[in-house]
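Read the structure below first, then the notes.
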Amino acid sequence: MQNYHKSNMTLWGAVLSGVVILSFVVYYLDFSGSVIPIPESQDVAQMMFIAAVILAIAILFLKRTVLSPAKIIKGAKELSGVQVSSFVVNRIRRNYILIWAMAELIALLGFFNYIILADFQNYLIFAVVSIYSLVVNIPREALLEKSLELVKE
């Protein structure tokens with residue numbers, strides 16, 4: 001179980017590092033002034049912002065639903081033996097990866113929005129929401145322990 005948590009933390013750290021590195025890239029692009037805004041693309045930028053808001057709401061919803069121990073073991077009740085533990089472990093990792101990917105997608109939408117608008121303050125909104133979503137959804141070892149405990153009952 002310790003190796004499982006370490007590998008989850010490694011995956012989480014890689015996603016978080018990617019968002020932070022992307023933020024430094026955008027900062028460098030803004031500092032160098034190499035991105036020229038496209039004035040006709042305001043509607044596209046607004047659609048990206050709306051998509052990011054929808055993703056942020058979806059992350060909140062998924063955190064409350066798919067990362068609850070009761071929901072995780074619901075599908076495991078039909079299995080028997082060793083399969084149950086591996087099912088729970090795989091389900092938790094899959095749910096975390098889904099949430100992390102959505103948080104990273106918010107940062108990518110912000111990057112595309114920056115390429116279109118060349119507005120660093122606008123990008124910062126996307127980056128802060130993305131990083132916050134990742135920090136709030138750090139892998140917890142207690143979730144795995146509680147889920148496996150519920151399976152044994």
Side-chain angles (χ1 to χ4, degrees), residues 1-76 86-148 150:
M1 186 160 58
Q2 191 67 277
N3 287 335
Y4 169 78
H5 184 66
K6 278 185 180 180
S7 65
N8 273 354
M9 289 299 291
T10 303
L11 290 170
W12 176 82
V15 173
L16 182 63
S17 298
V19 171
V20 170
I21 290 169
L22 183 63
S23 297
F24 281 117
V25 167
V26 171
Y27 176 75
Y28 175 75
L29 289 173
D30 192 59
F31 183 74
S32 68
S34 59
V35 177
I36 300 168
I38 304 169
E40 303 85 32
S41 61
Q42 190 68 21
D43 292 338
V44 175
Q46 287 177 350
M47 286 190 286
M48 282 191 233
F49 185 77
I50 291 169
V53 168
I54 290 170
L55 283 170
I57 292 169
I59 289 170
L60 289 173
F61 175 74
L62 288 175
K63 180 179 175 68
R64 300 286 180 226
T65 57
V66 299
L67 285 181
S68 85
K71 294 280 184 175
I72 292 169
I73 64 166
K74 187 176 183 180
S86 65
F87 176 83
V88 169
V89 167
N90 291 333
R91 176 64 58 96
I92 291 172
R93 179 171 285 160
R94 186 194 73 185
N95 294 345
Y96 270 132
I97 289 173
L98 175 68
I99 290 172
W100 299 335
M102 291 170 71
E104 189 173 30
L105 185 57
I106 292 172
L108 287 173
L109 284 171
F111 175 72
F112 295 136
N113 199 351
Y114 175 78
I115 296 298
I116 291 172
L117 297 178
D119 182 10
F120 184 68
Q121 283 77 22
N122 197 5
Y123 170 76
L124 282 178
I125 294 169
F126 288 88
V128 166
V129 170
S130 177
I131 291 171
Y132 177 77
S133 296
L134 287 169
V135 169
V136 167
N137 291 300
I138 190 168
R140 295 177 300 141
E141 197 170 9
L143 175 67
L144 176 65
E145 291 171 355
K146 178 152 176 100
S147 298
L148 289 175
L150 286 173

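- Among residues two or more places apart in sequence or in another chain, the side chain to side chain contact (heavy atoms under 4.5 Å, CB included) test is passed with M47 by V44.
- Atom CZ of F111 sits about 6.0 Å away from atom CG of L29, to the nearest 0.5 Å.
- Here the side chains of I97 and W100 are in contact, with some heavy-atom distance below 4.5 Å.
- Pairs engaging residues 17-36 under the ring pair (Phe, Tyr, Trp, His ring centres under 6.0 Å) rule: Y27-F120 [sequence neighbours left out].
- Closest non-hydrogen pair, I36 versus A118, comes out as C-CB, 4.4 Å.
- When every heavy atom of N8 is checked against every heavy atom of P139, the shortest pair comes out as O-CG, 3.7 Å.
- With hydrogens and angles disregarded, no donor-acceptor distance shorter than 3.5 Å links the side chain of S68 to the backbone of R64.
- Side chains of F49 and I125 form a contact here, defined as non-hydrogen atoms less than 4.5 Å apart.
- Residues I138 and M9 have side chains in contact (heavy-atom distance under 4.5 Å, counting atoms from C-beta outward).
- Judged by distance alone, with hydrogens and angles left aside, the side-chain atoms of S130 form no donor-acceptor pair with the main-chain N or O of I106 at under 3.5 Å.
- Between the side chains of D30 and Y114, at least one donor N or O lies within less than 3.5 Å of an accepting N or O.
- Two residues are said to be in side-chain contact when any heavy atoms from C-beta on lie closer than 4.5 Å; K63 and V136 meet this criterion.
- Put simply, the side chain of R93 reaches to within 4.5 Å of the side chain of Y4, judged on heavy atoms.
- Put simply, the side chain of W12 does not reach to within 4.5 Å of the side chain of N137, judged on heavy atoms.
- Residue pairs meeting the side-chain hydrogen bond (donor to acceptor under 3.5 Å, both in side chains) criterion with at least one member in residues 32-53, sequence neighbours excluded, are S32-S34.
- Judged by distance alone, the side chain of N95 and the main-chain N or O of L67 form no donor-acceptor pair under 3.5 Å.
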query = Passes side chain to side chain contact (heavy atoms under 4.5 Å, CB included), L22 versus E104? Steps please.
reply = CA-CA 10 Å; L22 183 63; E104 189 173 30; over 6 Å; no
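- Neither side chain, Y123 nor D119, offers a donor N or O lying under 3.5 Å from an acceptor on the other.
- Of the inter-residue distances, the one linking L55 atom CG with M48 atom CE reads 12.5 Å to the nearest 0.5 angstrom.
- The CD1 atom of I92 sits 12.0 Å away from the NZ atom of K146 when rounded to the nearest 0.5 Å.
- A heavy-atom distance below 4.5 Å is found between the side chains of M102 and L62.
- Heavy atoms only, all atoms of each residue included: L117 and P37 are closest at O-CB, 3.3 Å.
- Residues R140 and H5 come closest through the heavy atom pair C-CE1, 4.1 Å.
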